[in-house]
Number of protein chains: 2
Amino acid sequence: MSITIYDVAREANVSMATVSRVVNGNQNVKPATRKKVLDCIERLGYRPNAVARGLASKKTTTIGVIVPDISKSYYAELSRGIADIATMYEYNIILSNSDKRMTREMELFDDLLGKQVDGLIFMSDSLSEEIKKEMSTANVPIVLAGTLDSSTDLATVNIDHEQAAYDAVKKLIDNGHTRISHVSGPLTRDINRYCKKVGYERAIKEAGLPVYEEYFIETDNTYDDAYEKWRILRQLDEKPTAIFAGNDDIAVGMMNGIRDDGYSIPDDIEIICFQHTLLSRAVRPQLTSIVVPLYDLGAVSMRLLTKMMNGEEVTESNVLLPYRMEERQSTK
Amino acid sequence: MSITIYDVAREANVSMATVSRVVNGNQNVKPATRKKVLDCIERLGYRPNAVARGLASKKTTTIGVIVPDISKSYYAELSRGIADIATMYEYNIILSNSDKRMTREMELFDDLLGKQVDGLIFMSDSLSEEIKKEMSTANVPIVLAGTLDSSTDLATVNIDHEQAAYDAVKKLIDNGHTRISHVSGPLTRDINRYCKKVGYERAIKEAGLPVYEEYFIETDNTYDDAYEKWRILRQLDEKPTAIFAGNDDIAVGMMNGIRDDGYSIPDDIEIICFQHTLLSRAVRPQLTSIVVPLYDLGAVSMRLLTKMMNGEEVTESNVLLPYRMEERQSTK
DNA sequence: TTGAAAGCGCTAACAC
DNA sequence: GTGTTAGCGCTTTCAA
């Protein structure tokens with residue numbers, strides 16, 4: 001049916017090996033021959049079959065990306081970073097959604113290895129033992145993007161969430177607050193449990209303040225849930241005067257709950273959050289935020305993966321990227 | 001290195017043909033033999049090589065998706081719809097970003113065909129002649145998702161953007177407005193030029209109102225640009241009293257420009273927009289919107305593609321999905 | 001119900 | 001510089 005390397009070889013009166021050399025840019029081809037072959041390729045409309053190539057060479061120039069949910073802008077932005085670097089190094093990406101379900105993660109993992117991907121970038125809330133075991137037996141390089149690995153034997157790319165959370169809460173403390181609530185995403189996400197919450201508590205304790213359990217609110221990361229959960233804080237005798245929110249969806253949900261109740265931001269309550277989306281800047285007042293470099297998280301992960309796939313020596317396989325705080329209108 | 005079908009065959013004392021039958025669920029295998037083979041597969045940890053399978057069978061169970069920019073929530077949401085149906089039918093997705101650049105689209109197209117994808121879902125602002133030609137010679141099924149094809153010989157899935165725009169503007173007219181501005185996305189996007197703008201003008205004309213050129217504002221689809229472009233409208237002698245915005249980013253940009261100027265929404269100016277993201281509901285006042293079923297657009301596209309890949313007869317290959325209007329606080 | 005064998009389209013020694 | 005050839009790991013006739 002379609003044109004093969006053999007057709008080109010016959011048309012150009014050379015062997016398929018020569019055509020292969022031309023296609024792969026091998027220098028051991030006489031310029032005249034190269035031109036002749038190139039002409040035939042053009043004329044016949046030959047397009048190399050990457051599947052056959054993959055079988056013969058054991059390289060597919062394809063990597064797998066397992067992401068909880070690409071429709072979440074957090075992962076979409078991160079994936080774009082991965083994709084751009086992948087393009088730069090001429091890799092394709094097989095993108096799959098896990099919904100953070102462990103069985104699904106295992107399935108996808110197996111599936112992608114079956115497809116002979118050259119490498120894998122993995123994102124999840126938390127690494128199960130099963131997945132870790134599966135990863136340790138896989139014979140392709142793996143990078144965890146924005147995902148914690150307590151044992152640190154896997155390559156990871158992150159920001160220092162603990163310190164970032166500390167910075168955010170410190171800012172509120174410096175503004176004179178003593179009753180600071182942490183409205184968090186789900187604690188099933190390691191970054192929330194072991195980084196942001198820890199940083200929050202460290203800042204509070206360092207300031208000599210008590211850590212009130214009632215001021216810790218767990219949400220499912222959605223605007224709607226955060227909006228509802230404001231009710232819990234509002235009925236407290238001693239309401240918080242400042243909120244550290246796990247991300248901007250949560251912050252805006254809280255903010256709207258607060259304002260629908262007649263309170264003012266930042267006059268009555270100040271808010272600071274991790275920024276994952278445009279939302280932080282689009283709402284009024286604009287939210288003071290820890291800006292998370294999502295694109296870079298993806299890009300650096302992919303760059304690291306290319307090094308591993310090339311067998312290059314990787315000096316630091318647990319990368320921490322810089323972040324910054326942007327002061328806007330939700331704090332004074 | 002890794003376990004092949006041949007290893008399993010030897011271990012189970014059968015031919016590779018039999019192992020292949022077991023793996024592929026072929027019924028012509030004695031139950032006892034099947035069990036024996038399955039045991040060996042389990043014991044050896046055999047994982048079929050999808051590349052070899054693809055070469056032999058000429059099916060990769062992989063489809064290509066070309067998207068302008070996955071970091072835009074519009075495409076991220078749509079892609080999730082594609083992905084879920086793909087999973088259901090056991091296809092993987094190679095996801096690539098084109099940034100709407102035609103040369104990049106051509107490259108990707110060629111690249112994906114080289115990877116022997118079984119089908120392709122394509123999204124773009126507009127179909128170039130080059131791409132259409134390339135598509136017509138491709139020997140795999142192609143579906144355009146949220147992308148116009150004037151010649152209608154390609155399969156497409158859309159909503160009736162023209163009618164939706166008409167409905168939106170009609171709503172504003174019914175609310176008594178006569179000076180209605182259309183703040184559009186770029187006219188290089190066919191849906192903006194040939195659907196939304198046309199629907200806007202149809203509604204205006206049908207109401208016996210004049211179409212003022214000054215009321216048409218083109219933006220680059222971003223919040224920031226829309227925020228800036230408010231300046232153009234504000235300096236008009238006769239400012240519009242209502243705005244039909246191409247999407248929620250634009251609407252929020254406009255809204256913030258308007259309010260930073262001291263005007264009130266909806267009292268001074270009413271706004272209605274196409275909703276692509278959470279933004280419409282997260283801002284205050286919440287935006288009255290045409291809710292675009294992005295997820296469904298993707299899901300239906302993928303379902304259509306599976307039918308085409310199966311060689312099933314497709315009765316309607318230009319699908320229009322329903323949409324709805326949700327009245328919120330930015331209109332009275 | 002099972003096996004033998006011929007490819008699928010390409011890469012990569014190895015030989016010339 | 002170029003050609004020959006043996007796989008890569010699997011599916012799929014065709015026989016038995």
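Numbered from 1 within each chain, the chains take letters A, B, ... in sequence-line order.
Relative to the side chain of B/V29, the nucleotides D/dG1, D/dC10, C/dT2 differ in distance, and C/dT2 lies closest. Side-chain proximity of B/T4 to C/dG9, D/dG9, D/dG3: nearest is D/dG9.
Under 3.5 Å, the side chains of A/S20 and A/N24 contain a donor-acceptor pair of N or O atoms. With 3.5 Å as the limit, one finds a donor-acceptor pair spanning the side chains of A/K115 and B/T61.
Regarding B/N28, its CG atom lies at a distance of 15 Å from the C1' atom of D/dA15, rounded to whole Å. If you take CG of B/L55 and P of D/dG7, they are 17 Å apart, rounded to a whole angstrom. Between the OH atom of A/Y6 and the P atom of C/dG9 there is a distance of 13 Å, rounded to whole Å. Taking atom CG of residue A/N26 and atom P of nucleotide D/dT2, one finds them 11 Å apart after rounding to whole Å. The CG atom of A/N49 sits 18 Å away from the P atom of C/dG7 (whole-angstrom rounding). Atom NZ of A/K58 is separated from atom C1' of D/dA6 by 14 Å (rounded to the nearest Å). Atom NZ of A/K30 is separated from atom P of D/dT2 by 5 Å (rounded to the nearest Å). The distance between atom NZ of B/K115 and atom P of C/dC10, rounded to the nearest whole Å, is 14 Å.
Every residue was checked against the side-chain contact (heavy atoms from CB on, under 4.5 Å) condition with B/E42, not counting sequence neighbours, and none meets it. For B/D149, the side-chain contact (heavy atoms from CB on, under 4.5 Å) partners are B/L127, B/K132, B/L144, B/S151, B/D153, B/L154, B/T156, not counting sequence neighbours. With sequence neighbours excluded, the residues that form a side-chain contact (heavy atoms from CB on, under 4.5 Å) with A/R104 are A/S98, A/R101, A/E107, A/L108, B/T87.
Side-chain nitrogen and oxygen atoms of B/T33 include at least one within less than 4.0 Å of the OP1 or OP2 phosphate oxygen of C/dT2. At C/dT2, none of the side-chain N or O atoms of B/T18 fall inside 4.0 Å of OP1 or OP2 (strictly under the cut-off).
Between the B/N26 side chain and the B/N28 main chain, a donor and an acceptor come within less than 3.5 Å of each other. A donor-acceptor distance shorter than 3.5 angstrom exists from the side chain of B/T62 to the backbone of B/T60, with no hydrogens or angles considered.
Among the protein residues, B/V51 comes within range of no part of the nucleic acid, since none of its heavy atoms lies under 4.0 Å from any strand.
Judged as a ring pair (Phe, Tyr, Trp, His ring centres under 6.0 Å), the pairs with a partner in residues 66-100 of chain A (not counting sequence neighbours) are, in order, A/Y74-A/H276.
Each end of the helix from C/dT1-D/dA16 to C/dC16-D/dG1 yields a helix axis from five base pairs, and these two axes differ in direction by 30° (to the nearest 10 degrees).
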Decide salt bridge (Lys or Arg N to Asp or Glu O under 4.0 Å) for B/E11 and B/R43; before the verdict, give the C-alpha distance in whole Å, the side-chain angles of both, and the deciding distance to 0.1 Å.
CA-CA 10 Å; B/E11 182 81 5; B/R43 183 143 32 86; 2.7 Å; yes

A correct 5'-to-3' footprint of nucleotides 11-16 of chain C, with B, S and - meaning base, sugar-phosphate only and no protein heavy atom under 4.0 Å, is BBB---

